[in-house]
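Read the structure below first, then the notes.
A note on names: the letters A, B, ... follow the listed sequences, proteins ahead of strands, and every chain is numbered from 1.
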Amino acid sequence: MAQISRKTAAGSHEAASEEIPFFDEPVFGEPASPLSPTAQRASLAQQALAASTQRLSPAAAAVLSGLNPQQCEAVETVDGPVLVLAGAGTGKTRVLTRRIAYILNTGRAPSYRILAVTFTNKAAHEMKQRVEALIEEQGQTIAPRNDGLPWLGTFHAIGVKILRRHAELVGLKPGFTILDFDDQLRLLKQVIEAAGLDSKRWPARQLAALIDRWKNEGLTPEKIPAGEAYGFAAGKGAELYAAYQNRLKELNAVDFGDLLLECLRLFQENPDVLAEYQRRFQYILVDEYQDTNVVQYLWLRLLGQKTDGTRPNICCVGDDDQSIYGWRGAKVDNILRFEMDFPGAKVIRLEQNYRSTGHILGAASGLIAHNRERLGKTLFTEDEDGEKVVVAGVWDDAEEARLIGEDIEALQRQGHALNDIAILVRASFQMRAFEDRFMTLGLSYRVIGGPRFYERLEIKDAIAYFDVLLNPDNDLRFERIINTPKRGLGETTVKLLHEYARRQNLSLFRAAQELCQTEELRPKTRRALAGLLAQFEHWRGLLEELPHTELAELVLDESGYTAMWQKDKSPTATSRLENLKELVRFMGDFDSLAGFLQHVALVMDAETADHGDSVNLMTLHSAKGLEFQTVFLPGWEEGLFPHQRTLEDNGQAGLEEERRLAYVGLTRARRRAKISFAQNRQVHGRWQASIPSRFIDELPWEHAAPATGESGFQGAGASAATVTWQTRSSNRRQSSKQHKNSPQIIEATAIDITENPGSDYRLGERVFHIKFGYGKIIAIDANKLTIDFEKAGRKRVMASFIERH
DNA sequence: GCGGTTGGAATTTTT
DNA sequence: TTCCAACCGC
């Protein structure tokens, strides 16, 4: 089948996307443009045909096989808005994947007209695979090419895809870079300092969090409400936010928040573009709807609107009881409000749990029933009651780790796989005790949700090299690697480059090129810098010559980067080299360096090599969506879980979110769950007596039981514990208000940036150079001057470094 | 530019 | 208490 060259849907903005492949059309069997009238007619005809046969269609029947009535309904109700309230373990992913398969199999829409959004890459991958498997099972393939469901992805990935296509409309170029958190911090720090503020008093981190929050709320700088910005730098927050956005535009870069916010702005400001996507997406599916924040919500609403007055075919799947990301902007309200947002919406509840035993489900349900803000579901299971949830009190975290270690060894002896066991903690510092213990026991474990592959130093460095190779003007990335490995281009040099770049309005790389033409730099520095620049030119020349993976290896070798780690004697060095190899291997999945770099910020998932059978150690948050035969839930103590800070910051709402977290934890377990609390815990190095979590009191005791045996169990469920925490919490109420809002001091030092004096110098003029002192101009070459210095002799320098006296 | 020292902060996390 | 970042002295 011929590869038709892609001139996709016609539109005024098309110029922006010339060089970006946009593979979402069929290669054959459909007209060239999915949006042409012909296509629409064809699609309608297809639908009509499908409608007449769907009940009988064997393909559709196969998609429904093995589903319970509610699941079937959730799969089949494809027209109009649908909210699927899917309790834990009720087959949420199953419904989503089947629904997609159903839409495809009944011919209601081709794959490129289905928008399916998830939060994580992992969820997106899984869904894609499962849909493909479903379709292939029936001897069909989704699309002729392998990018079967082009619009299935994370909010961010889909946002990027749309943004790249219309970049110019939001003031970007299509090849924009996506900054990671580090880049973001570095940039913010520069912005803070450029505004004459002390970046120590006003840390970039804090501003990053603030801006992130605003972006999640869908607020562009001009929309920040007046009072909002007070928290940072005495009201300069919004100003700094605006400055930061300007810098991003200058760098042709976006941060993660922008991927959605800018996309939203694009839609709001360009109704024609919005209309194109509204038409394009005939079916919209949203996973984990309870986790959507304001931007995502607004974005979905815009896309879901129908211009022709029909109801959108939008299906949101979620569970209000599993909403645990309120602190990062998720709005449970979105799910609670669905029926108002989409009038006539059908609400389908999935309540049959296929995961846990009766007791586990009973304990979890009893606990979550204490929450007031919920839509309410009654989960049930046909499974046996099983063992009650065990609650154990221990002396301290070491004992907790010891007992859990013993339990695990016992399970192991009984033939249970370590892979089927998980320890879910509230905060990551709790992991340490377990790691220590397991290390001594020689028990194999893995930590899930640690530092991600693409966040590792060596990966970021390598990517920075590749970025600069393709785009020399990427200042942030250039700065990252200019002295990595060490080549004598330290802070002083970078500062000089910065200063010059700013005055001349050049990128760092260009500034470096110009400065190398002169004697501004020490010969040693100059040689090093010129050498680096020459290397980049050399590599750039090979872009067309070598396959991109080979070029990548060459860059890492010739730059001395590989050698740097080979010389390094620290124990991490070997694994870093491994990671670099892995990176190059991963790169092979893309057909060019540019293609790789455009996706890398979003797609690089931590695919750490598996060490075989190991206990899983992770936080409760990262356990969402997973399940294990046996789950240990340590640290159920007041102050830790529910966490003190959550209660202080968010009161009742915070408490309910913590309770949902407890619910998530319990419902991860299939057969066995064991909760524990320590009476003494070290907090910031100090021992503190702690009391059992109120969640323990709230457990329905027909489904839970104190641990038996020698484990020192005491206090669980006792009313004394309840009294204690009530007393404590009323004390807390009085003392909690004060500690915020430390005195705000306005930093008034402004940086005086001297204007570029230009190069209107005269021969023979006496001038002053900051390093070489006084001298007389003897030659002028554009902005470079040759000067006879009184002390330093004859030098070639940049005009902008000269002062007149 | 490196290595030692000192001060401040220490939930949860994706993209 | 411990870890990390920034700073200072060589």
Side-chain angles (χ1 to χ4, degrees), chain A residues 117-124 153-160 163 178-181 183-185 189 198-201 203-206 208-209 212 215-216 254-261 263 287-288 291-293 295-296 323-330 397 424-432 448-452 454-455 483-494 524-525 528 599-606 618-625 635 639-650 654 657-658 660-662 664-665 681-688 742:
Chain A
V117 276
T118 64
F119 277 83
T120 62
N121 286 313
K122 198 178 155 211
T154 62
F155 276 101
H156 295 265
I158 287 166
V160 182
L163 269 187
I178 300 163
L179 300 194
D180 59 34
F181 188 60
D183 295 328
Q184 201 186 340
L185 280 187
K189 197 175 166 194
D198 180 357
S199 65
K200 251 168 115 184
R201 192 185 303 278
R205 258 172 199 287
Q206 208 181 315
D212 199 48
K215 288 187 174 175
N216 286 160
V254 294
D255 63 19
F256 283 120
D258 286 334
L259 296 180
L260 288 164
L261 188 54
C263 199
D287 190 17
E288 307 277 20
D291 287 338
T292 47
N293 59 30
V295 210
Q296 289 158 339
S323 160
I324 54 173
Y325 287 111
W327 51 273
R328 65 175 200 214
D397 59 343
L424 312 182
V425 296
R426 176 63 181 85
S428 40
F429 76 84
Q430 291 174 262
M431 291 185 189
R432 216 193 135 147
I448 294 182
R452 279 151 201 291
Y454 69 89
E455 280 168 0
N483 200 30
T484 313
K486 300 267 183 278
R487 35 175 90 86
L489 302 170
E491 209 186 326
T492 333
T493 314
V494 173
K524 214 174 140 193
T525 315
H599 288 272
V600 77
L602 295 173
V603 191
M604 286 285 269
D605 242 339
M618 70 195 90
T619 64
L620 285 159
H621 281 93
S622 41
K624 195 169 80 160
L640 177 58
F641 192 37
H643 201 282
Q644 185 85 9
R645 271 255 322 251
T646 313
L647 300 183
E648 280 169 5
D649 295 349
N650 299 308
E657 183 156 309
E658 293 279 295
R660 291 194 288 268
L661 198 49
V664 166
R681 195 169 286 277
Q682 244 177 335
V683 184
H684 309 326
R686 222 169 269 288
W687 283 102
Q688 261 183 355
S742 46

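Minimum atom distance to the side chain of A/H621 is reached by B/dT12, of the listed B/dT14, B/dT15, B/dT12. Looking at the side chain of A/K486, the nearest of the listed nucleotides B/dT15, B/dG1, B/dT12 is B/dG1.
Mapping A/N650 and A/G488 onto DNA chain B by nearest heavy atom places A/G488 at the nucleotide closer to the 5' end.
Here A/W327 packs flat against the base of B/dT12; its ring centre is closer than 5.5 angstrom to the base's six-membered ring, tilted by less than 30 degrees.
Using a distance-only test at 3.5 Å, with no hydrogens or angles considered, no donor-acceptor pair links the side chain of A/D255 to the main chain of A/I178. Looking only at distances, no side-chain donor or acceptor of A/Q184 sits under 3.5 Å from a matching main-chain atom of A/L179.
Rounded to whole Å, the distance from CZ on A/F119 to P on B/dT12 is 20 Å. B/dT12 atom P lies 11 Å from atom CG of A/L661, rounded to whole Å.
A side chain to side chain donor-acceptor pair (under 3.5 Å) with A/D291 is found for one member of A/Q296, A/K624, A/R328 and no other, namely A/K624.
Taking the P atoms as reference points, B/dT12 lies 16 Å from C/dA5, given to the whole Å.
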field: Nucleic acid footprint by protein, nucleotides 1-10 of chain C - heavy-atom cut-off 4.0 Å, B for base, S for sugar-phosphate alone
entry: B-S---S---
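Between A/E648 and A/R645, none of the side-chain N atoms (NZ, or NE/NH1/NH2) sits under 4.0 Å from a carboxylate O, so this pair counts as no salt bridge.
Residue contacts shown for A/L489 are limited to sugar-phosphate atoms, with no base heavy atom under 4.0 Å away.
Ring geometry, A/Y325 versus A/H621: the interplanar angle falls from 30° to 60°, so the pair is classed tilted.
A sub-4.0 Å separation between OP1 or OP2 of B/dT12 and a side-chain N or O of A/S428 is present.
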